[in-house]
Protein chains: 2
Amino acid sequence: MVTKSLLRLNSAMDSHAERRVHEGPGLPRAPIELLIRKLESIGTLSPTERDALRRLETVRVQVSTHHDIVREGDRPTTVSLLVHGLLCRYKIVADGKRQIMSFHIPGDLPDLPSLVIPIMDHSLCSLVASELALIPRAALLDLLAEQPQLAHLFWRDTLVDAAIFREWMVGIGRRSAFTRIAHLFCEMIARMRAVGLSSEHTVELPLTQTDIADALGLSTVHVNRTLQELRGAGLIKYSRGMLVAIDWPGLRSAGDFEQNYLHEQSGGKD
Amino acid sequence: MVTKSLLRLNSAMDSHAERRVHEGPGLPRAPIELLIRKLESIGTLSPTERDALRRLETVRVQVSTHHDIVREGDRPTTVSLLVHGLLCRYKIVADGKRQIMSFHIPGDLPDLPSLVIPIMDHSLCSLVASELALIPRAALLDLLAEQPQLAHLFWRDTLVDAAIFREWMVGIGRRSAFTRIAHLFCEMIARMRAVGLSSEHTVELPLTQTDIADALGLSTVHVNRTLQELRGAGLIKYSRGMLVAIDWPGLRSAGDFEQNYLHEQSGGKD
DNA sequence: CGCCCACTTGAACGTGTTCAAACGTCGTGG
DNA sequence: CCACGACGTTTGAACACGTTCAAGTGGGCG
């Protein structure tokens with residue numbers, strides 16, 4: 001189901017739902033450090049490259065829940081780095097159903113593809129109130145032209161992205177609802193661990209059951225019942241946006257989860 | 001269903017199912033010209049870039065039906081350019097079901113991602129007897145290091161690839177079998193038109209019903225019945241590997257097909 | 001306090017699956 | 001030349017996983 005808020009016509013660039021703050025040096029949790037950590041989770045950065053990244057200037061933006069950051073057909077002039085919150089890519093099909101194609105956690109650059117393919121073929125929206133750091137497209141293009149190894153790493157990031165799409169396709173096409181949901185939870189936990197956003201097997205994942213349904217091609221009713229099964233099987237606890245994998249090995253095997261497609265640099269810890 | 005042939009243990013590099021021919025100059029239908037046409041369908045090439053591409057040396061290889069060209073876990077040392085035939089990317093899930101994630105037509109570089117992510121997270125196999133031109137990985141890396149614009153275009157190619165994954169996800173997740181199959185046919189026709197492999201709305205597409213089922217997350221039985229519906233609705237003819245869109249506008253609307261996600265350079269003709 | 005939204009539950013329904021069998025075609029070998 | 005096997009396609013019938021519709025509960029926030 002598509003919510004009214006998803007269809008609002010205000011664009012990210014002129015919305016009152018945003019608050020913009022120019023980023024000075026020395027602010028806590030500097031966005032670029034998050035990006036560096038993300039890039040280092042899938043590859044290596046030289047000190048020169050790290051410094052070059054740190055010289056990027058960004059504009060911090062706050063967006064409210066269910067705010068479209070970019071929309072299908074847009075030609076964004078900035079690339080969004082997610083600092084805090086949760087985003088998703090989605091498309092609406094002919095009869096109004098929504099398909100979510102990916103979730104994005106802090107450190108991600110969900111509209112990085114627009115650097116190379118200027119026109120968006122899908123929309124990007126916040127699932128909770130979130131904070132972004134906008135990187136001007138031109139500045140990033142200049143940086144990548146100067147630093148070919150960095151360009152390679154950004155390319156790599158978009159390829160890991162594609163690998164995640166493929167894995168979701170396998171799930172939607174060939175796995176049961178139970179396995180699909182377990183797999184999604186494994187993936188989100190693994191990705192968050194890789195960038196330090198998880199303690200033990202607990203993560204903050206404020207998805208509604210509708211979000212999960214739209215991501216996995218299910219109905220909310222069935223998601224609800226399947227979540228109860230997962231809880232009943234002693235695999236997870238999940239309430240008020242906190243997901244705990246009580247039985248991590250059990251969840252992995254229930255979800256048929258093989259971490260290799262995430263292409264993490266320093267192989268997972270378990 | 002997974003066929004025995006998909007599980008054979010011979011690898012592309014040592015199989016008797018291959019015949020290798022070193023590529024001399026002046027052979028008819030030079031593989032690189034195909035690649036150039038493909039790249040020009042999604043962007044522009046300068047004369048310098050075209051010449052640089054033409055200096056790539058390739059090894060021609062023939063592979064038989066259902067031959068694994070690269071397999072999950074491999075680290076290929078060449079990048080495959082499909083010259084003739086039809087390939088697919090696939091994964092096998094825990095209970096033995098196969099999910100096909102993409103089809104590849106002549107001009108495609110299905111394992112291009114291995115240039116940047118050396119280890120394969122899925123397999124690549126031929127659906128009919130096919131011909132490849134293998135480009136040494138190192139040579140291609142050198143070329144892209146010298147020609148940043150060309151590197152951008154290859155990046156772009158992998159991003160269009162990802163856009164196709166997303167569109168398939170939407171289909172598998174949120175569209176009916178009828179719409180899904182119609183959409184697949186539209187996509188294949190559009191892609192083949194873009195590289196000149198289609199006359200009118202007729203294409204050679206030697207897929208079995210099992211291939212279609214595994215690509216769209218359906219059973220072969222249901223694919224069979226849905227194909228009969230598509231024929232009955234006067235939208236297509238499809239036999240012996242030749243697909244004809246009798247009613248192209250009808251097929252497009254039945255398939256909820258919006259061409260934009262293919263990001264073709266010179267906007268489709270209809 | 002009252003509304004909105006997310007979650008939960010029940011029951012009927014339907015799209016697509018599974019199992020089973022038969023048919024046609026093509027290539028191979030006796 | 002025909003018998004045979006392999007494979008793809010077609011059909012029937014029972015079944016199941018997940019959907020849809022509908023109603024009601026619960027919590028957070030203005």
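Everything numeric in this text was worked out from a predicted model, so none of it was measured.
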Let me know the distance between CZ of B:R180 and C1' of C:dT17, rounded to the nearest Å. 13 Å
Those residues at least two apart in sequence (or on a different chain) that pass salt bridge (charged side-chain N to carboxylate O under 4.0 Å, His left out) with A:E72 are none
Atom pairs under 3.5 Å, N or O on each side, protein against nucleotides 7-11 of chain C: can you list them with distances?
residue: C:dC7; atom: OP2; partner: A:Q209; partner atom: N; Å: 2.6
residue: C:dT8; atom: OP2; partner: A:Q209; partner atom: NE2; Å: 2.6
residue: C:dT8; atom: OP2; partner: A:N224; partner atom: ND2; Å: 2.7
residue: C:dT8; atom: O5'; partner: A:N224; partner atom: ND2; Å: 3.2
residue: C:dT9; atom: OP2; partner: A:Q228; partner atom: OE1; Å: 2.8
residue: C:dT9; atom: OP2; partner: A:Q228; partner atom: NE2; Å: 2.8
residue: C:dG10; atom: N7; partner: A:R225; partner atom: NH2; Å: 2.4
residue: C:dA11; atom: N6; partner: A:R225; partner atom: NH1; Å: 3.3

Donor + acceptor pair across side chains of B:S102, B:R89 (<3.5 Å): yes
Take the protein atom CZ of A:R174 and the nucleotide atom P of D:dC17, then report the distance between them rounded to whole Å. 16 Å
What does the 5'-to-3' dot-bracket notation of DNA chain D look like when only Watson-Crick and G-U wobble pairs under 3.5 Å count, and pairs to other strands show as |? ||||||||||||||||||||||||||||||
Please list every donor-acceptor pair under 3.5 Å in which a side-chain atom of residues 165-172 of chain A meets a protein atom from a residue at least two apart or in another chain.
residue: A:R166; atom: NE; partner: B:H122; partner atom: ND1; Å: 3.4
residue: A:R166; atom: NH2; partner: B:D121; partner atom: OD1; Å: 3.2
residue: A:R166; atom: NH2; partner: B:D121; partner atom: OD2; Å: 3.4
residue: A:E167; atom: OE1; partner: B:K91; partner atom: NZ; Å: 2.2
residue: A:E167; atom: OE2; partner: A:R175; partner atom: NH2; Å: 2.7
residue: A:E167; atom: OE2; partner: A:H183; partner atom: NE2; Å: 3.3
residue: A:W168; atom: NE1; partner: A:E187; partner atom: OE1; Å: 2.9
residue: A:W168; atom: NE1; partner: A:E187; partner atom: OE2; Å: 3.3

Quick note, ring-ring contact (aromatic ring centres under 6.0 Å, His included) partners involving residues 206-230 of chain B, not counting sequence neighbours, are none
Within residues 233-242 of chain B, the residues having a heavy atom closer than 4.0 Å to DNA chain D are none
Is there a side-chain contact between B:K97 and the phosphate of C:dT17, meaning an N or O under 4.0 Å from OP1 or OP2? no
Please tabulate, one pair per line, all N/O donor-acceptor pairs under 3.5 Å involving side-chain atoms of residues 229-240 of chain B, not counting sequence neighbours.
residue: B:R231; atom: NH1; partner: B:Y238; partner atom: O; Å: 2.9
residue: B:Y238; atom: OH; partner: B:L205; partner atom: O; Å: 2.5
residue: B:Y238; atom: OH; partner: B:L207; partner atom: N; Å: 3.4

If I take atom CG in residue A:L127 and atom P in nucleotide C:dC5, what distance separates them, rounded to the nearest angstrom? 16 Å
Would you kindly give the NE2-to-P distance between A:H222 and D:dT19, to the nearest whole Å? 6 Å
Which residues pass the side chain to side chain donor-acceptor pair (under 3.5 Å) test with A:Q228, sequence neighbours left out? A:N224
With sequence neighbours left out, what residues match B:D111 under salt bridge (charged side-chain N to carboxylate O under 4.0 Å, His left out)? none
Looking at every strand, decide which applies to B:S176 at a 4.0 Å heavy-atom threshold: base, sugar-phosphate, or nothing. sugar-phosphate
Give the nucleotide from the list C:dA6, D:dG18, C:dG16 with an atom nearest to the side chain of A:H66. C:dA6
B:T202: side chain to side chain donor-acceptor pair (under 3.5 Å) partners, not counting sequence neighbours: none
Expressed as a whole number of angstroms, how long is the span from B:L230:CG to D:dT9:C1'? 16 Å
So, A:H66 versus A:S64: side-chain donor-acceptor pair below 3.5 Å or not? no
Over how many whole Å does the gap from A:L218 atom CG to C:dT15 atom P extend? 18 Å
Would you kindly give the CD1-to-P distance between B:I181 and C:dT15, to the nearest whole Å? 15 Å
Please name all residues satisfying side chain to side chain donor-acceptor pair (under 3.5 Å) with A:S253, sequence neighbours left out, ordered by chain then number. none
Restricting to salt bridge (charged side-chain N to carboxylate O under 4.0 Å, His left out), what partner residues turn up for B:D211, sequence neighbours left out? B:R98
